[in-house]
Amino acid sequence: MSDDVFREGLLRGRAAFITGGTSGINLTIAETFARHGAKVTVIGRNAERAKAAEDTLRAAAQHGGDAQALSCDVRDYASVERTLAAAVERFGELDVLVNGAAGNFPAPALAMSANGFKSVVDIDLLGTFNVSRAAFAHLRKPGASVVNISAGQASHPAAMQAHVCAAKAGVDMLTRTLAIEWGPLGVRVNSIAPGPIDDTEGMKRLTPTDEMRAKLAEQIPLRRYGTRDEIAQLALMLCTPLARYITGAVLVADGGQSLLGFGGLTSLYGA
Ligand code: NAP
Ligand code: COA
């Protein structure tokens, strides 16, 4: 990889598909990719939010980058296939897939209906499977990269998070199994497990008050929440030749939170 790519855009000429890329961390990933020259398709359910994301992404694009946003529910396989076909029609074969769509709400298992549990598992885990499986036909080439957005809950239990813990643990095992199956074709599959990230819907739901935020931050070795940019830069690295020998990895970006066993989130809820 020559140093020129750092000037010309690390993803120049590459096509990316980002689920949940209409808001939060995934939108910042999409912006970063578009700034580095990628042609980015983002998807979410809400059409208005998708339109706003498309405008933001087009304004951010550099080095030949471009963007479109489409409405799609990752739980609906037929819709996923149609939406991927539309992405490929517009920007060509895929080089990069980011599975970021997810749902979360804090609730004890006993206050969670079967459908509440299923909704989160279906968005996070089944959705990641659906999109990866349907995208593979367009991705199957050396140099392609899949990044699954996991969470600390995948490997550390936390009260009020039975659905997310189960779903994201499944996502990380999917990462590892697909890395084995697709590695011989040159397709890399990795997870990023963020800790608490500032200015996100996820943390608005999990730590809604300043007091909870401060208490959780105190239990992180780096003593702060992460930023959306910090996760986006890691995703960018994973999709470039800088990471060409990394597959099946779960890269933890949590300020050291999990070193202390992740008990902080549980203690916020008095469990
Ligand atoms: P967010 O802003 O709420 O983003 C979630 C995105 O997923 C939205 O674009 C949403 O759009 C989309 N989405 C939800 N259900 C969908 C479905 N069924 N089909 C298609 N799209 C769907 O969340 P965030 O807090 O930035 O989190 C982003 C990712 O980071 C998630 O994977 C989350 O688990 C992970 N994460 C976040 C944190 C954190 O601190 N926030 C920590 C660890 C991991 P629509 O609602 O319009 O569908
Ligand atoms: N506590 C307990 N149960 C809840 C809940 C809460 N705070 N919020 C939703 N549920 C339950 C609902 O009651 C419903 O169960 P029921 O049919 O038995 O009543 C089930 O979850 C599905 O809810 P619904 O709103 O129909 O699902 P949806 O598929 O439209 O939305 C969610 C999925 C629930 C995950 C919703 O919060 C969402 O769309 N989240 C996306 C954004 C997000 O979570 N961002 C953070 C990502 S980290």
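Not measured: the values here are computed from a predicted model.
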Provide the full list of ring-ring contact (aromatic ring centres under 6.0 Å, His included) pairs with a residue in [range], sequence neighbours left out, each pair given once.
| range | value |
| --- | --- |
| residues 168-211 | F136-W182 |
| residues 230-271 | H156-F262 |
| residues 105-130 | F105-H163 |

- prompt: Have T175 and N148 got a donor and an acceptor in their side chains that come within less than 3.5 Å?
  reply: yes

* Is the shortest side-chain N to carboxylate O distance from D55 to K51 below 4.0 Å? -> yes

Legend entry - Lys/Arg N to Asp/Glu carboxylate O, E201 vs R205, below 4.0 Å: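 Here E201 pairs with R205 in a salt bridge, since their nearest N and O are under 4.0 Å apart.
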
side-chain hydrogen bond (donor to acceptor under 3.5 Å, both in side chains) pairs touching residues 9-27, sequence neighbours excluded, are none

For T207, the side-chain hydrogen bond (donor to acceptor under 3.5 Å, both in side chains) test, sequence neighbours excluded, returns Y225

Donor-acceptor pair, [X] side chain versus [Y] backbone, under 3.5 Å?
| X | Y | answer |
| --- | --- | --- |
| D172 | S155 | no |
| N130 | V74 | yes |
| T28 | D229 | no |

Say whether I149 and V171 are linked into one hydrophobic cluster, either directly or through other cluster members, by side-chain heavy-atom distances under 4.5 angstrom.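 Different clusters.
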
Please report, to 0.1 Å, the donor-acceptor pairs under 3.5 Å made by any side chain of residues 77-92, with sequence neighbours excluded.
residue	atom	partner	partner atom	Å
Y77	OH	R133	NH1	3.0
T83	OG1	S79	O	2.6
R90	NH1	Q68	OE1	3.3

